[in-house]
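Notes follow the structure.
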Amino acid sequence: MKNRKKDRRDFRFPQEMVDGSQLQKAQAVSVLQEMLQGIFSLFHTECCSTAWNMTLLDQLYTGLHQQLEHLETCLVQVMGEGESAGVVGSPTLALRRYFQGICLYLKEKKHSDCAWEVVRVEIMRSFSLSTNSQERFRSKDGNMESS
């Protein structure tokens, strides 16, 4: 196994952006939507298809697409409850920067297997953080349903 220490990087996941205690409902839904869209975009590249099993990628794409559709419905419902769309921008901008940093890292590392492994671990970590925050938010407000 190759030494991946030299490939490690702190991508500076904006953890405060997924902290459910600081977000309104519309922000929380929008942040999760941006997170899933970033993951979808990251793994939906030509370089990715050579590094990963296509069957597993197809399953990932399908699952992410279904979750994104569900979140779009949730966001429409939340906005219908009177929350302002204007409050959503700042957290999602931080997430876009986060995913741009990951894309730049992969380019710098020429999409190597080690770089993809570092990114996989990072995505699992950030997704876990956002899922934990989502669960805290859901326990505070029983209106958000899981799928």
Could you point out which residue of L56, L57, T62 forms a side-chain contact (heavy atoms from CB on, under 4.5 Å) with Q59? L56
Are M35 and S126 side-chain neighbours, meaning at least one heavy-atom pair lies under 4.5 Å? yes
Drop me the distance from L42's CG to Y98's OH, to the nearest 0.5 angstrom. 9.0 Å
H44 side, atom NE2; I39 side, atom CD1 - distance, nearest 0.5 Å: 14.5 Å
So L64 and F43, do their side chains get closer than 4.5 Å, heavy atoms only? no
Residues in side-chain hydrogen bond (donor to acceptor under 3.5 Å, both in side chains) contact with Q100, at least two apart in sequence or another chain: none
Residues V29 and L71: closest non-hydrogen pair is CG1-O, 3.5 Å
Can you tell me how far OG of S30 sits from CD of Q37, rounded to the nearest 0.5 angstrom? 11.5 Å
Which residues satisfy the side-chain hydrogen bond (donor to acceptor under 3.5 Å, both in side chains) test with R120, sequence neighbours excluded? E117
Can you get from F40 to M54 by hopping between Ile, Leu, Val, Met, Phe, Trp and Tyr side chains that sit under 4.5 Å apart? yes
Is the shortest heavy-atom distance from the side chain of C103 to the side chain of K107 under 4.5 Å? no
Beyond-backbone contact of I123 with F11, side-chain heavy atoms, under 4.5 angstrom: no
Are F127 and V121 linked, directly or through other ILVMFWY residues, by side chains that come within less than 4.5 angstrom of each other? no
Once side-chain hydrogen bond (donor to acceptor under 3.5 Å, both in side chains) is applied, do any residues pair with H65, and if so which ones, sequence neighbours excluded? E69
Tell me whether the rings of H111 and W116 are parallel (<30°), tilted (30 to 60°) or perpendicular (>60°). tilted
Rounded to the nearest 0.5 Å, how far apart are OG1 of T55 and CG of L60? 12.5 Å
So how far is it from H70 NE2 to L75 CG, rounded to the nearest 0.5 Å? 11.5 Å
Please check if L104 and L93 belong to a single hydrophobic cluster, counting links between Ile, Leu, Val, Met, Phe, Trp and Tyr side chain heavy atoms closer than 4.5 Å. no
Between the OG1 atom in T73 and the CD atom in Q77, the distance rounded to the nearest 0.5 Å is 6.5 Å
Report the residues that fulfil salt bridge (charged side-chain N to carboxylate O under 4.0 Å, His left out) with R125, sequence neighbours left out, ordered by chain and then residue number. E122
Looking at residues at least two apart in the chain, or sitting in another chain, which of them share a side chain to side chain contact (heavy atoms under 4.5 Å, CB included) with D10? R12
Quick one: list whatever passes salt bridge (charged side-chain N to carboxylate O under 4.0 Å, His left out) with E72, sequence neighbours left out. none
State whether the side chain of S128 and the backbone N or O of M124 hold a donor-acceptor pair below 3.5 Å, judged by distance alone. no
